J.: 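Have a look at this one.
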Amino acid sequence: MKPLAFLGALTLPVALVAGLAFAQSQVGTAAAVESLRGADPDVDVTTAPVFHQNKQRFVRNYRLQPPLIPHSIDKYQIDMKANECLACHEWRKSGERGAPTLSMTHYQDRDGLQTDTVASRRWFCSQCHVPQADAPALVENLFQSSGQ
Ligand code: HEC
Ligand code: HEC
């Protein structure tokens, strides 16, 4: 065995044991961790649905803002294989569904090539778009719209 490989073989179990000991020492202090709302992360909280229907699309606060979703999305599945948002928003379907078509940026891959189907980097819609919600701000927000 080369000396370096031997060292590697030795350090891995040592690191594992050290990690385990550290994890165990943390168990007792978990209750001290608080979320921004001051909630204990160990306790499951039932949350009311945050979506508040305004029946209208919100004005964007800056030109490239992903628009807020003006409808509930609880029932629409998005995973590796399925994306139910596309049933209404994909360019082939949006006309008959009366939904806004995905803009061109959703049909451009990372090399700038135009695609006919939604680009993989735009697949997980909720990564950028969130439903409208009437949630109190957790921290002070000094943002000012560039549109005013
Ligand atoms: C059953 C059809 C349908 C499905 C499914 C659907 N939408 Fe929509 N969506 C609409 C319609 C219709 C509107 C336009 C509502 C309006 O103009 O008031 C809309 C509006 C939007 C907007 C606002 C666009 C803007 O310019 O303001 C976004 C963002 C959006 N949807 C995202 C989503 C996402 C993300 C999903 C999946 C989680 C989804 N939608 C699933 C029909 C649908
Ligand atoms: C990486 C972020 C990102 C992802 C992922 C994403 N979008 Fe968007 N979306 C945006 C941005 C930014 C805009 C506004 C600028 C633009 O049109 O490109 C937008 C605009 C839109 C619009 C309005 C188009 C218009 O012309 O008014 C709709 C509808 C929409 N997105 C739906 C979706 C749906 C449905 C998905 C999932 C298939 C999705 N988006 C995925 C960032 C994203």
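One-based numbering, in listed order, for ligands and for the atoms of each. This one's a predicted model, so the numbers in the text were calculated from it and none came from an experiment.
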J.: Under 4.0 Å, heavy-atom basis, I'd like to know which part of Asn83 is in contact with ligand 1: side chain, backbone, both or neither.
T.: neither
J.: Would you say atom 8 (Fe) of ligand 1 has His89 as a near neighbour, meaning an N/O/S atom of that residue under 2.8 Å away?
T.: yes
J.: Give a yes/no verdict on whether any heavy atom in Ser126 is under 4.0 Å from an atom of ligand 1.
T.: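 No; Ser126 lies far enough from ligand 1 that no heavy-atom distance drops under 4.0 Å.
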J.: Taking 2.8 Å as the cut-off, does Cys88 contribute an N, O or S atom near atom 8 (Fe) of ligand 1, distance below it?
T.: no
J.: Suppose we measure from atom 24 (C) of ligand 2 to each protein heavy atom; which comes out shortest, and what is that distance?
T.: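 The closest one turns out to be Thr101 O, 3.5 Å.
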J.: So if I count the atoms of ligand 1 from 1 in the order they appear, which ones are less than 4.0 Å from some heavy atom of Gly98?
T.: 12 (C)
J.: Could you tell me which non-hydrogen atom of Arg92 sits nearest to which non-hydrogen atom of Asp116, and how far apart they are?
T.: NH1-O, 4.0 Å
J.: Phe124 heavy atoms, cut-off 4.0 Å: which ligand 2 atoms fall inside?
T.: 5 (C)
J.: Pairing donors with acceptors under 3.5 angstrom, does anything connect the side chains of Thr105 and Arg122?
T.: yes
J.: Compare every heavy atom of Gln132 with every heavy atom of Leu68, then report the nearest pair and how far apart it is.
T.: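 Scanning both residues, the minimum pair turns out to be CB-CG, 3.8 Å.
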J.: So, do Arg57 and Pro100 sit near enough that their side-chain heavy atoms are less than 4.5 Å apart?
T.: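 Side chain of Arg57 against side chain of Pro100, heavy atoms only: contact under 4.5 Å found.
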J.: Identify the closest protein heavy atom to atom 12 (C) of ligand 2: which residue and atom is it, and at what distance?
T.: Leu64 O, 3.2 Å
J.: Is there a side-chain contact between Phe58 and Gln65 in this structure, where contact means two heavy atoms from C-beta onward sitting under 4.5 Å apart?
T.: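 Of all side-chain heavy-atom pairs linking Gln65 with Phe58, none is under 4.5 Å.
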J.: May I ask whether Met104 places a heavy atom under 4.0 Å from ligand 2?
T.: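 No.
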J.: Do Asp109 and Ser120 have side chains that get closer than 4.5 Å, going by heavy atoms?
T.: no
J.: Is any N or O atom of Arg97, backbone or side chain, closer than 3.5 Å to an N or O atom of ligand 1?
T.: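 Among all N and O atoms of Arg97, none is under 3.5 Å from an N or O of ligand 1.
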J.: Just jot down the ligand 2 atoms closer than 4.0 angstrom to any heavy atom of Cys85, in number order.
T.: 35 (C)
J.: Taking heavy atoms and a distance under 4.0 Å, where does Pro70 meet ligand 1: side chain, backbone, both or neither?
T.: side chain
J.: Where the side chain of Gln77 meets the backbone of Cys85, is there a donor-acceptor pair that is under 3.5 Å apart?
T.: no
J.: Heavy atoms, side chains only, cut-off 4.5 Å: are Gln108 and Arg121 in contact?
T.: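 Yes, close enough: below the 4.5 Å cut-off.
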J.: Between Ser94 and His89 (side chain of the first, backbone of the second, donor and acceptor by atom type, cut-off under 3.5 Å), is there such a pair?
T.: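 Flag not set: sc Ser94 to bb His89 has no pair under 3.5 Å.
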J.: Quick one: does His129's side chain get under 4.5 Å of Pro67's, heavy atoms only?
T.: yes
J.: Output the atom name for the N/O/S atom of His71 with the smallest distance to atom 8 (Fe) of ligand 1.
T.: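 Relative to atom 8 (Fe) of ligand 1, the closest nitrogen, oxygen or sulfur of His71 carries the name NE2.
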J.: Relative to the heavy atoms of Pro100, which atoms of ligand 2 are at a distance of less than 4.0 Å?
T.: 29 (C)
J.: Just need the protein heavy atom nearest to atom 27 (O) of ligand 2, so name the residue and atom and give the distance.
T.: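 Sorting protein heavy atoms by distance from atom 27 (O) of ligand 2 puts Arg60 NH2, 3.0 Å first.
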J.: Is the shortest distance from a heavy atom of Arg63 to ligand 2 less than 4.0 Å?
T.: no
J.: Against heavy atoms of Leu86, which atoms of ligand 2 measure under 4.0 Å?
T.: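 Close to Leu86: 38 (C).
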J.: Does any N or O in the side chain of Trp123 come within less than 3.5 Å of the main-chain N or O of Lys81, such that one atom is a donor and the other an acceptor?
T.: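 No: the side chain of Trp123 does not pair with the backbone of Lys81.
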J.: Any side-chain heavy atom of Val130 within less than 4.5 Å of one from Ile69?
T.: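 Heavy-atom side-chain distance check fails, nothing below 4.5 Å.
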J.: Just jot down the ligand 2 atoms closer than 4.0 angstrom to any heavy atom of Arg121, in number order.
T.: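 So the answer, numbered in order with elements, is 5 (C).
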J.: Can you confirm whether Leu102 sits close enough to Leu86 that some side-chain heavy atom of one is under 4.5 Å from a side-chain heavy atom of the other?
T.: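 Yes - at least one pair of side-chain heavy atoms lies under 4.5 Å apart.
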J.: Considering residues, nucleotides and ligands other than Arg63, do more than 12 of their heavy atoms fall under 6.0 Å from its CZ?
T.: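 For Arg63, atom CZ is not crowded (no more than 12 foreign heavy atoms under 6.0 Å).
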J.: Heavy-atom distance under 4.5 Å between the side chains of Asn61 and Ser146, does that happen here?
T.: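 SC-SC contact between Asn61 and Ser146 ruled out.
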J.: Considering Ile69, Ile73, Val130, which one's heavy-atom position lies nearest to atom 32 (C) of ligand 1?
T.: Ile69
J.: For Tyr107, is there any backbone N or O sitting under 3.5 Å from a side-chain donor or acceptor partner on Trp91?
T.: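 Answer holds: no.
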J.: Closer than 2.8 Å to atom 8 (Fe) of ligand 2, what protein N/O/S atoms do you find?
T.: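 For atom 8 (Fe) of ligand 2, the protein N, O and S atoms that sit under 2.8 Å away are His106 NE2, His129 NE2.
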J.: Within the 4.0 Å heavy-atom shell around Glu84, which atoms of ligand 1 are there?
T.: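 Numbered from 1, ligand 1 contributes 5 (C).
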